[in-house]
Amino acid sequence: MASLDRICDRLLSQRSLILASNRGPVEHYVAPDGRAEARRGSGGIVTALNSLAQGAQFTWVASAMGEGDRQVAAAAQSSPYKSPLPGHKIDLKYVVTPRRVYHKYYNVLCNPLLWFLQHYMWNPPYNPNVDASVHDAWQGGYIPVNRAFADSVIEQARQGDSPPVVMVHDYHLYLVPEMVRKEFPDALIQHFVHIPWPTPRYWQMIPSFITRQICSSLVSADIVGFQTAQDRQSFLDTVEEFVPGARVDREQHCIRREDLTTSVRLYPLSINVSEVQRISNSPRALEHEDKLMEARSGTATIVRIDRAEPNKNVVRGFRAYELLLSRHPELHGKVNFLAFLVPSRTHIRQYQRYMEEINQVVARINEAYGSEDWQPITTYMENNYTQAIAGMKLYDVLLVNSIMEGMNLVAKEGPVVNTRDGVLVLSQTSGAYEQLADGALPVSPTDIEGTMEALFEAINMGPEERRRRAAVLAESVNREDINHWICRQLEDLADLAER
């Protein structure tokens with residue numbers, strides 16, 4: 001595969017690139033003196049696209065998330081301006097929407113509805129309840145914010161001499177492709193969906209007009225990208241169910257409607273291997289590593305690193321460990337479980353309750369099995385990425401037992417920094433499983449007994465098998481790193497541009 005620079009030159013020699021995502025690559029906060037100070041944005045999309053932001057010149061359109069962003073957007077009069085972060089080649093363009101409209105879009109429609117739907121996280125007898133507030137959030141929040149994004153993209157596209165390349169990201173902006181297509185029929189449009197895509201039967205849980213409009217917009221793109229083959233299959237099935245006149249070709253993985261063909265492709269997200277390894281060997285990481293080594297006792301260390309979200313399945317993972325200690329008293333005092341957990345979406349009631357459950361199960365296990373010399377579980381409840389990376393270096397077992405997710409990058413970070421030929425215990429419903437199955441021990445996310453057995457097998461695995469599995473995992477991640485993910489997408493767009 002060609003280098004990122006060469007592919008960018010090939011794609012962007014005649015066309016401009018506009019990228020749209022809800023969160024942008026730069027966040028501004030208001031300093032005590034009233035000035036807006038810039039820092040790198042948070043979130044997986046920003047991290048994934050950081051190397052592209054440093055390697056290509058394009059315009060990144062994103063929501064003005066806070067007062068600092070709004071202040072900068074007002075000063076720029078909503079026009080693009082150069083990113084102030086070192087190494088960035090990009091221009092920033094903020095979309096400013098009324099706070100009430102954004103609240104409906106983000107806090108009523110995007111996260112409680114679409115995110116929970118697409119992660120199979122509902123309890124259908126009780127939730128969701130699609131009432132008037134949800135209908136209002138669709139009409140008065142989701143559609144207007146998507147319209148504002150599309151208008152911003154269109155305004156920027158008009159500055160160029162040829163139709164643009166437009167890359168749209170994730171569930172926040174499903175309606176943008178169709179809105180842009182109507183204004184720029186010859187634009188090259190790609191939409192990448194970072195989270196799972198459920199089956200048509202599950203989409204039927206919400207009003208059909210919402211699903212139909214989402215699917216109709218997505219098949220207005222030239223390329224729709226997903227993480228896994230199952231997501232792609234479910235999307236093709238959903239389009240066939242909900243979009244009249246759409247002709248689904250499962251052999252070619254494409255959808256034909258009128259005079260447009262939409263290719264549905266797989267781009268499993270990955271990591272910046274060199275950057276993760278650099279962080280793991282930084283002075284701060286080495287300091288964390290020393291402290292973690294001092295806190296360890298026994299001969300085996302289990303590690304998990306997650307946001308404290310229900311779909312990460314943290315409680316079941318601890319219950320499997322509790323069962324391990326119950327069945328195998330010979331392990332008491334010999335196994336540590338280090339859990340690096342980041343509080344997440346603490347304003348949402350379901351997340352608050354889940355954090356309470358995590359704390360309760362940890363306290364119960366430590367009280368039942370702990371002693372003065374040994375605590376079965378040690379938790380680190382903070383957003384400290386460097387500390388978590390240091391923890392990855394020390395695991396004998398890395399537990400990733402998520403219920404349903406687009407991709408799990410922890411499962412890819414661990415194997416490239418671990419120093420102990422650690423074993424990956426990986427949920428079969430994690431987006432990372434397709435790529436890493438050959439080197440991992442598979443578990444079903446709801447199978448507490450099976451997860452316990454996998455933990456026991458991993459702890460007792462012989463050194464030769466550990467080395468073999470660790471080598472398979474590291475080779476796979478190194479081969480398909482973040483540049484591979486970005487380059488494949490740009491190469492596919494370049495191929496289309498040259499037809």
Side-chain angles (χ1 to χ4, degrees), residues 16-30 36 38-46 48-49 52-53 58-85 88 90-111 114-115 137-160 164-184 187 189-194 213-214 217-218 220-221:
S16 62
L17 171 62
I18 305 168
L19 192 149
S21 64
N22 180 55
R23 286 187 181 273
V26 181
E27 294 176 353
H28 295 89
Y29 63 96
V30 180
R39 60 190 172 199
R40 180 175 162 177
S42 60
I45 294 175
V46 170
L49 294 167
L52 181 61
F58 61 93
T59 301
W60 192 322
V61 180
S63 285
M65 301 293 291
E67 289 306 314
D69 290 348
R70 289 174 178 269
Q71 183 176 312
V72 168
Q77 298 182 331
S78 298
S79 297
Y81 76 101
K82 287 292 180 186
S83 169
L85 295 190
H88 273 188
I90 59 174
D91 292 328
L92 305 174
K93 195 169 192 283
Y94 284 114
V95 176
V96 181
T97 50
R99 291 177 180 83
R100 182 171 176 78
V101 172
Y102 189 86
H103 169 77
K104 293 178 182 180
Y105 151 84
Y106 191 76
N107 294 318
V108 180
L109 207 295
C110 284
N111 287 325
L114 290 179
W115 193 92
W138 174 258
Q139 293 292 339
Y142 195 80
I143 291 177
V145 172
N146 273 252
R147 180 76 262 173
F149 263 88
D151 288 345
S152 185
V153 169
I154 290 165
E155 181 183 29
Q156 184 63 27
R158 286 178 177 149
Q159 307 304 311
V165 176
V166 180
M167 301 179 76
V168 188
H169 282 266
D170 227 4
Y171 62 103
H172 310 87
L173 302 176
Y174 281 149
L175 306 185
V176 169
E178 189 167 36
M179 294 172 175
V180 173
R181 176 68 69 200
K182 288 178 179 177
E183 188 68 26
F184 280 92
I189 304 174
Q190 184 222 40
H191 194 119
F192 184 75
V193 183
H194 289 254
Q213 195 164 346
I214 287 172
S217 177
L218 288 176
S220 297

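Only a predicted model underlies this, so the values are computations on that prediction, with no experimental measurement involved.
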Does the side chain of [Y] come within less than 4.5 Å of [X]'s, by heavy atoms?
X      : Y      : result
Phe58  : Val165 : no
Leu114 : Ile214 : yes
Ser21  : Val46  : no
Val108 : Tyr142 : no
Ile143 : Gln213 : yes
Tyr105 : Cys110 : yes

Between atom [atom1] of [X] and atom [atom2] of [Y], what is the distance when rounded to the nearest 0.5 Å?
X      : Y      : atom1 : atom2 : result
Leu19  : Lys93  : CG    : NZ    : 14.0 Å
Glu27  : Tyr29  : CD    : OH    : 11.0 Å
His88  : Leu52  : NE2   : CG    : 10.0 Å
Glu155 : Glu183 : CD    : CD    : 11.5 Å
Trp60  : Asp91  : CH2   : CG    : 13.0 Å
Phe149 : Ile18  : CZ    : CD1   : 13.0 Å

Can a donor-acceptor pair be found, under 3.5 Å and without considering hydrogens, that links the side chain of [X] to the backbone of [Y]?
X      : Y      : value
Tyr94  : Gly24  : no
Ser220 : Pro177 : no
Asn107 : Tyr102 : no
Arg23  : Ala62  : no
His191 : His169 : no

**Report entry** Ile45/His194 under side-chain contact (heavy atoms from CB on, under 4.5 Å): CA gap, chis, key distance, verdict
**Finding:** CA-CA 8 Å; Ile45 294 175; His194 289 254; 3.6 Å; yes

**Report entry** Residues that Lys182 engages under salt bridge (charged side-chain N to carboxylate O under 4.0 Å, His left out), provided they are two or more places apart
**Finding:**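 Salt bridge (charged side-chain N to carboxylate O under 4.0 Å, His left out) list for Lys182, sorted by chain: empty.
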
Report task. May I ask you to check whether Asn22 and Tyr106 show a side-chain donor-acceptor distance below 3.5 Å? Result ->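 No, no side-chain donor-acceptor contact under 3.5 Å.
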
